[in-house]
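Working notes, structure below.
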Amino acid sequence: MRIATWNVNSLNARMPRVESWLESVQPDVLCMQETKLANDAFPALTFQGLGYESFHHGQGQWNGVAILSRIGLDDPAVDFADGGDADTDARIAWATCGGVRVASAYIPNGREPGHDHYHYKLEWLARLRAHLEQSCRADDDVMVLGDFNVAPEDRDVWDIAAFEGATHVTGPERDAFTRVLDWGMVDLFRRQYPDNDGLFTFWDYQAGRFHKRQGMRIDFILATESLAGRAEFVIVDRNARKGEKPSDHAPLLADIAAA
DNA sequence: ATGGTGGACCTTCCA
C-alpha cells in the first residue's frame with residue numbers, strides 16, 4: 001500500500017495541485033491537514049470521481065483534517081477516546097484503511113514557548129499518547145501521519161541557531177513527541193535515512209526559504225513495527241513544493257509491502 | 001530597510 005501525508009494549507013487553494021498529484025502519484029491513502037474547510041464544503045464527490053472514499057473533519061476557517069482511501073475506509077472517528085473533553089479544534093481524524101488503523105493529525109503550532117497555545121500543544125500530544133494506549137495495540141497495524149509541528153533533532157531544522165527561543169525545537173515538545181513514538185511507533189523517514197541531514201518537509205513561504213534549502217522536518221509517517229518492517233520506499237516529494245501555488249509543506253509518502 | 005509570503009477573513013489572525 002502507498003500511503004502519504006500532506007499539509008495542503010487550504011484545500012480550496014490547493015485543489016488543482018492535489019488532484020494532479022493524486023493522478024500522478026497514485027497513493028492508496030492520503031492524509032491531509034489544514035483543509036481549512038467546513039464539512040459541507042469538502043469536495044468528496046471530486047475525490048470519489050478519482051476513485052477515493054473520504055472522511056473529513058473540519059471546522060471552517062482553520063485546521064481541518066481528512067483521509068482519502070481507495071482500499072476501504074471504515075470506522076471513521078475524530079478526536080481522542082481518552083475520556084477528556086472534545087477538542088475545540090478539528091485536528092485529528094481516524095479511519096481503518098486496508099486493515100490499518102490510520103490517523104491524519106495536525107498538531108497545534110504552539111505559537112511561542114509559554115503561550116497558552118504552547119501548553120495546548122503539549123497537552124494535545126499527551127492526549128494522543130493516551131489515546132493510543134487506550135484504543136490501539138502496539139502489535140496491531142497502526143499509523144499516525146501528519147504535521148506534528150515538532151523537529152525531533154537539531155538536524156531536522158536548517159540552522160538550530162535560528163530557533164533560539166522558538167517553538168518546534170524545545171525540550172518539552174521533543175519529549176512529548178518521543179512519548180508518542182515510545183508507545184510503539186517508528187518514524188519511517190528517519191529509519192530509512194538514518195545518516196542524512198538537511199532533508200525537510202516544510203519550508204516557510206517567507207524569505208525564499210525553499211530555494212535557500214532552509215526547511216524543517218516536521219511532517220511524519222509513524223507506524224507500528226509490523227508495518228515499519230515492510231516499508232520499502234519513503235520519500236518527500238519536493239517537486240510538489242515547486243511551481244504554481246504550492247503548499248508550504250511537501251507530501252511525504254511510503255510504500256508498505258504486503259504482509 | 002527590523003521586512004520578507006500566503007491563506008483565511010473584514011481588518012487582523014494564523015502559520
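Below, each value reflects all heavy atoms present in this structure, side chains not excepted, and no hydrogens, waters or symmetry copies. Here is how names work: the chains are called A, B, and so on, in the same order as the sequence lines, proteins then strands, and each is numbered from 1.
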Spacing between [X] atom [atom1] and [N] atom [atom2], to the nearest angstrom:
X	N	atom1	atom2	value
A/His249	B/dG6	NE2	P	15 Å
A/Asp219	B/dA15	CG	C1'	13 Å
A/Asp147	B/dA15	CG	P	10 Å
A/Ile218	B/dA15	CD1	P	11 Å
A/Gln59	B/dC14	CD	P	12 Å
A/Arg91	B/dA15	CZ	C1'	11 Å
A/Phe163	B/dA15	CZ	C1'	13 Å
A/Glu34	B/dG6	CD	P	16 Å

(message) One pair to check against side-chain contact (heavy atoms from CB on, under 4.5 Å): A/Val100 and A/Val142. What are the steps and the verdict?
(response) CA-CA 6 Å; A/Val100 179; A/Val142 180; 6.0 Å; no

If the [atom1] atom of [N] is compared with that of [M], how far apart are they to the nearest Å?
N	M	atom1	result
B/dC10	B/dG6	P	22 Å
B/dC13	B/dG3	P	16 Å
B/dC9	B/dG4	P	22 Å

(request) From the options A/Thr5, A/Asn7, A/Asp147, select the one residue that forms a side-chain hydrogen bond (donor to acceptor under 3.5 Å, both in side chains) with A/Gln33. (result)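 The option that passes is A/Thr5.
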
(message) Hydrophobic cluster membership, with links at side-chain heavy-atom distances under 4.5 Å among I/L/V/M/F/W/Y: are A/Val234 and A/Leu222 in one?
(response)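 As far as the 4.5 Å side-chain criterion goes, A/Leu222 and A/Val234 are not connected within one cluster.
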
(message) Regarding A/Tyr106, tell me which of base, sugar-phosphate or nothing describes its non-hydrogen contacts under 4.0 Å with the strands shown.
(response)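 If one applies the 4.0 Å heavy-atom cut-off, A/Tyr106 turns out to touch the sugar-phosphate alone, with no base involved.
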
Listed pairs, N/O of protein and of nucleotides 8-13 of chain B, under 3.5 Å:
| unit_1 | atom_1 | unit_2 | atom_2 | d |
| --- | --- | --- | --- | --- |
| B/dA8 | OP1 | A/Ser10 | OG | 2.2 |

(message) Between A/Glu19 and A/Thr46, do the side chains contain a donor N or O and an acceptor N or O under 3.5 Å apart?
(response) no

(request) Give me the ring orientation class for A/Phe220 and A/Phe177: parallel if the planes are under 30° apart, tilted from 30 to 60°, perpendicular past 60°. (result)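 Tilted, since the angle between the ring planes falls between 30° and 60°.
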
(request) May I ask you to decide if the ring planes of A/Phe47 and A/Phe42 are parallel, tilted or perpendicular, using 30° and 60° as cut-offs? (result) tilted

(message) So, applying side-chain contact (heavy atoms from CB on, under 4.5 Å) with A/Val29, which one of A/Ile71, A/Ile256, A/Leu253, A/Leu68 is it?
(response) A/Ile71

(message) Tell me whether A/Asp85 at atom CG has more than 12 heavy atoms from other residues, nucleotides or ligands lying less than 6.0 Å away.
(response) no

(message) On DNA chain B, compare the nucleotides closest to A/Arg14 and A/Asn7; which residue's is nearer the 5' end?
(response) A/Arg14

(message) Need to verify one output field. Residue with the more 5' nearest nucleotide on DNA chain B, A/Tyr205 or A/Asp248?
(response)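 Of the two residues, A/Tyr205 wins.
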
Using a cut-off of under 3.5 Å, enumerate the N/O to N/O pairs linking the protein to nucleotides 2-4 of chain B.
| unit_1 | atom_1 | unit_2 | atom_2 | d |
| --- | --- | --- | --- | --- |
| B/dG4 | N7 | A/Gln206 | OE1 | 3.0 |

Going by atom type alone, with no hydrogens or angles, which donor-acceptor pairs under 3.5 Å involve a side-chain atom of residues 73-84 of chain A and a protein atom two or more places apart or on another chain?
| unit_1 | atom_1 | unit_2 | atom_2 | d |
| --- | --- | --- | --- | --- |
| A/Asp82 | OD1 | A/Gly84 | N | 2.9 |
| A/Asp82 | OD1 | A/Arg127 | NH2 | 3.0 |
| A/Asp82 | OD2 | A/Arg127 | NE | 2.8 |

